[in-house]
J.: 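Mind looking over this structure? Questions follow.
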Amino acid sequence: MDAQVETATRELSYAQAIQEAMAIAMERDERVFLMGEDIGVYGGAFQVTGDLVERFGPERVMDTPISELGGAGIAVGAAVTGMRPVFEFQFSDFATLAMEQIVNQAAKMRYMLGGAVSVPVVMRFPAGSGTGAAAQHSQSLEAWLGHVPGLKVIQPATPHDAKGLLLAAIEDPDPVMIFEHKLLYKMKGAVPEGYYTVPIGKADVRREGRDLTIVATSIMVHKALEAAETLSGEGIDIEVIDLRTIRPMDRQTVIESVRKTSRLMCVYEGVKTLGIGAEVSAMIAESEAFDYLDAPIVRLGGAETPIPYNPELEKATVPQVDGIVRAARDLVTGAR
Amino acid sequence: MSATARKSASKTEGANQPFIYRQFDQDKLRDALRKMYLIRQFEEGAEESYMRGLIHGTMHLSIGQEASAVGICLGLSDEDQITSTHRGHGHCIAKGADVSRMFAEFFGKTTGYCRGRGGSMHIADVSTGNLGANGIVGGGLPIAVGAALTAKKMKTGNVVVCFFGDGANNEGAFHEALNMAAIWKLPVVFVCENNGYGMSTSVARATAVPNIADRAAAYAMPGVIVNGNVVSDVAEAMHEASERARRGDGPTLIECKTYRYRGHSKSDRNRYRSKEEIEEWMTERDPIEAFEAELVEFGVIDAAGIEAIRADVAREIAAGIEFAKESPMPDVANLEKYVYTEQA
Ligand SMILES: Cc1ncc(C[n+]2csc(CCOP(=O)(O)OP(=O)(O)O)c2C)c(N)n1
Ligand SMILES: [Mg+2]
């Protein structure tokens with residue numbers, strides 16, 4: 001375990017775990033404060049900040065106007081001058097309004113200034129489909145930001161990691177972008193009490209196996225685990241790696257796994273083309289693990305379409321458990 | 001126009017001398033003249049080095065706008081911070097940067113302020129409170145407001161100055177930044193250097209209101225228009241704005257009406273303005289000439305003193321260029337350094 005001062009654990013939801021991390025960070029360090037739209041008395045669009053405003057007051061749980069570009073930029077300016085802001089986007093889709101400050105300013109300021117400053121800002125992005133909110137409130141844009149040197153981009157898949165990675169992000173001297181899948185907010189899991197961190201840049205082998213490596217991110221980790229469970233009944237033994245961080249990527253863990261299993265499948269919700277799966281596949285193709293491959297690499301990603309409103313269409317847009325089961329079976333049995 | 005603006009328009013009321021002669025001692029005023037020369041000669045030196053192929057890329061010269069940079073920064077300390085623009089050499093020098101390290105940066109050397117990673121468009125000297133020039137029009141506006149939020153939260157008593165151009169006032173970032181600075185009463189002063197054009201597009205063609213300062217009304221802050229070529233007028237408006245900011249009463253928008261002599265950047269053919277217009281500003285309203293004449297009139301300096309400053313600045317510029325030429329180039333092996341903070 002990555003935990004440093006772990007005490008007892010108990011069940012918390014993913015959202016509660018994030019809220020607890022923010023509270024602990026604010027208690028430990030008075031430079032930490034939260035900014036975002038409706039994060040105060042409203043509690044945030046997904047109730048992640050909840051009642052924190054009652055505990056920490058409106059100065060530290062700051063409601064901003066509906067100003068994503070300005071708000072993100074103010075967080076960057078506060079970070080570069082000594083504060084530790086955690087900026088919540090109401091939906092990850094609204095990162096598109098703030099790209100300037102994220103990509104041109106936060107990511108590059110340290111480099112452009114030759115190391116004279118650091119930008120310890122954290123931005124949180126509720127992401128992903130499955131809520132029926134359609135095309136402009138359901139995207140998975142993590143690969144966009146994963147493409148930008150200077151940013152760190154993480155996708156916690158469990159309540160445990162959501163808390164530990166957020167605490168690590170707040171302490172990190174560089175800009176950390178956290179993509180939180182909205183369907184995970186209510187998911188429960190064991191979360192240690194008190195302070196602990198999960199290291200940024202380290203993948204986690206969630207399940208060991210011999211026949212196939214599945215590299216998954218965020219909610220797809222759970223779908224992959226479910227698929228692996230199903231296939232274990234058929235004697236197929238799958239290793240599931242939760243990437244956790246997409247930049248900087250933990251190449252070593254994936255390479256070692258593929259050397260062992262000789263097969264690779266990537267499962268992620270973002271649009272398949274030019275996405276995380278492309279990067280992981282190319283990384284393996286370029287590595288010493290290439291020689292160990294017994295089959296072509298398979299990517300299961302989001303369809304080449306905006307996220308549709310209709311629930312059946314919406315489900316069909318992103319990988320589902322039965323699709324992962326079929327693709328994994330075919331890959332291992334040589335049907336493809 | 002706001003109350004503040006009317007007041008600054010009648011600056012000599014009740015006193016014989018313009019603001020800066022009442023506010024600052026003579027050494028400080030001579031130093032202000034020196035800084036204006038330093039900016040102009042730095043930019044002339046940079047321009048020449050560029051022509052000779054010693055500097056690559058492009059650059060945006062602020063020659064003609066020196067009074068605004070110097071007048072704004074006159075009363076600031078190193079702890080007060082600024083965000084700057086693509087036309088930021090003057091701001092950097094006015095805030096106290098060393099021209100040798102600026103030249104070194106332009107030459108791409110390790111001794112440069114950004115260790116050769118930034119160049120002209122990202123010139124910065126964090127040690128004197130300059131958080132950096134910016135390649136994105138309007139990019140510095142939210143960052144300045146964030147720095148002011150830090151000042152308020154940490155109760156530092158510092159003010160943050162946000163320089164931007166007339167073109168930037170049509171970016172969304174301008175409106176978001178001003179609104180949030182106003183609702184949270186942050187200690188920030190927005191300084192629009194209105195030089196009449198954003199590249200080729202005049203203010204009249206690009207902006208719906210006649211003055212950028214008019215937009216302050218939408219954010220319930222004072223909007224002050226000053227002659228940006230007169231050091232004392234700029235400094236006086238800035239003094240009031242920074243007092244207001246330090247009192248906790250919130251931001252001010254100052255519009256400095258000024259003019260750039262050179263083209264927008266190195267690619268400009270000056271097709272959008274007349275020779276006569278440029279001539280007129282250069283001969284009738286040069287900020288350095290005007291300041292010199294005023295300093296002589298008020299007995300702060302004489303012709304010999306001015307000559308001595310010019311010669312001294314010329315030596316500093318020559319030495320700076322020499323330093324830059326002799327400094328080492330960055331090692332390509334360090335290409336990826338400073339992308340992330342090095343951790344032990
Ligand atoms: C977002 C953005 N759009 C366009 C540009 C290209 N550009 C650089 S400077 C400039 C003009 C800016 O005008 P103004 O704000 O008045 O500043 P000035 O150059 O007059 O000092 C333009 C269009 C840019 N750098 N960034
Ligand atoms: Mg302009």
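Not measured: the values here are computed from a predicted model. Labels below follow one simple rule: chain letters A, B, ... track the order of the sequence lines, proteins then strands, and each chain is numbered from 1.
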J.: If you draw a 6.0 Å radius around NZ in B:Lys185, do more than 12 non-hydrogen atoms from other residues or ligands fall strictly inside?
T.: no
J.: Around atom CD of B:Glu336, are there more than 12 heavy atoms of other residues, nucleotides or ligands at under 6.0 Å?
T.: no
J.: Is there a side-chain contact between B:Asn134 and A:Gln105, using heavy atoms and a 4.5 Å cut-off?
T.: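 When only atoms from C-beta onward are counted, A:Gln105 and B:Asn134 do touch, with a gap below 4.5 Å.
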J.: Can you tell me which of A:Met35, A:Glu30, A:Lys108, A:Met62 forms the most heavy-atom pairs within a distance under 4.5 Å of chain B?
T.: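 The answer is A:Met62.
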J.: Under a 3.5 Å distance rule, please check whether B:Tyr340 uses its side chain to pair with a backbone N or O of A:Leu151 as donor and acceptor.
T.: yes
J.: Please identify, among A:Asn104, A:Leu97, A:Val76, A:Val119, the residue contributing the most non-hydrogen atom pairs under 4.5 Å to chain B.
T.: A:Asn104
J.: Of the non-hydrogen atoms in B:Leu335 and A:Tyr111, which two are nearest, and what is the gap between them?
T.: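 In this case the closest contact between B:Leu335 and A:Tyr111 is O-OH, 2.7 Å.
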J.: Output the distance between atom CD1 (B:Ile143) and atom OG1 (A:Thr81), rounded to the nearest 0.5 Å.
T.: 10.0 Å
J.: Under 4.5 Å between any side-chain heavy atoms of A:Pro65 and B:Met180, yes or no?
T.: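 Yes; the side chains approach each other to less than 4.5 Å.
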J.: Any chance you could measure A:Glu59, atom CD, to B:Leu149, atom CG, to the nearest 0.5 Å?
T.: 9.0 Å
J.: Would you mind checking which part of B:Gln81 comes under 4.5 Å of any heavy atom in chain A, side chain (CB onward), backbone (N, CA, C, O), both or neither?
T.: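 The side chain, not the backbone.
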J.: Evaluate side chain to side chain contact (heavy atoms under 4.5 Å, CB included) for A:Glu100 paired with B:Ile136, printing each intermediate quantity in order.
T.: CA-CA 8 Å; A:Glu100 197 285 291; B:Ile136 304 296; 3.3 Å; yes
J.: With a 4.5 Å limit on heavy-atom distance, are the side chains of B:Glu171 and A:Leu69 in contact?
T.: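 A side-chain contact is absent here, since even the closest heavy-atom pair is not under 4.5 Å.
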J.: Of the backbone (N, CA, C, O) and the side chain (C-beta and beyond), which part of B:Asn179 lies under 4.5 Å from a heavy atom of chain A, both, or neither?
T.: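 Contact with chain A is through the side chain of B:Asn179 alone.
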J.: So which of A:Gly70, A:Gly71, A:Gly114 has the largest heavy-atom pair count under 4.5 angstrom toward chain B?
T.: A:Gly114
J.: Between A:Gly150, A:Ser118, A:Ala75, A:Pro120, which shows the greatest number of heavy-atom pairs under 4.5 Å with chain B?
T.: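 Winner by heavy-atom pair count: A:Gly150.
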J.: Would the number of heavy atoms belonging to other residues, nucleotides or ligands and lying under 6.0 Å from CD of A:Gln136 be above 12?
T.: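 No, not enclosed.
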J.: Under 4.5 Å heavy-atom distance to chain A, tell me which part of B:Lys152 shows up: side chain, backbone, both or neither.
T.: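 Looking at B:Lys152, nothing touches chain A.
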J.: Under 4.5 Å from any heavy atom of chain B, what part of A:Ile66 do you find: side chain, backbone, both or neither?
T.: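 Neither the backbone nor the side chain of A:Ile66 comes within 4.5 Å of chain B.
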J.: Can you tell me which portion of B:Leu141 sits under 4.5 Å from chain A's heavy atoms? Options are side chain, backbone, both or neither.
T.: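 B:Leu141 has no heavy atom closer than 4.5 Å to chain A.
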J.: Between chain B and each of A:Leu113, A:Val117, A:Thr64, count heavy-atom pairs under 4.5 Å; write down the option with the most.
T.: A:Leu113
J.: With respect to chain A, which residue among B:Pro330, B:Gly139, B:Gly140 yields the maximal number of heavy-atom pairs within a distance under 4.5 Å?
T.: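 Maximum pair count with chain A is reached by B:Gly139.
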J.: Any heavy-atom pair between the side chains of B:Lys153 and A:Arg31 that's under 4.5 Å?
T.: no
J.: Begin with the C-alpha distance, continue with both residues' side-chain angles, and end with the deciding distance and a verdict on side chain to side chain contact (heavy atoms under 4.5 Å, CB included) for A:Met83 and B:Met154.
T.: CA-CA 9 Å; A:Met83 299 299 288; B:Met154 291 188 165; 3.5 Å; yes
J.: Mark yes when over 12 heavy atoms from residues, nucleotides or ligands other than A:Glu27 sit less than 6.0 Å from its CD; otherwise mark no.
T.: yes
J.: Within the structure provided, determine whether B:Val126 and A:Val80 are in side-chain contact (heavy-atom separation under 4.5 Å).
T.: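 The answer is no, as the side chains (C-beta and beyond) never meet within the 4.5 Å cut-off.
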J.: Measure A:Glu68 against the heavy atoms of chain B and call it side chain, backbone, both or neither at under 4.5 Å.
T.: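 Contact with chain B: backbone only.
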J.: Heavy-atom pairs under 4.5 Å with chain A: which of B:Phe174, B:Tyr113, B:Trp184 has the most?
T.: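 Option with the greatest count: B:Trp184.
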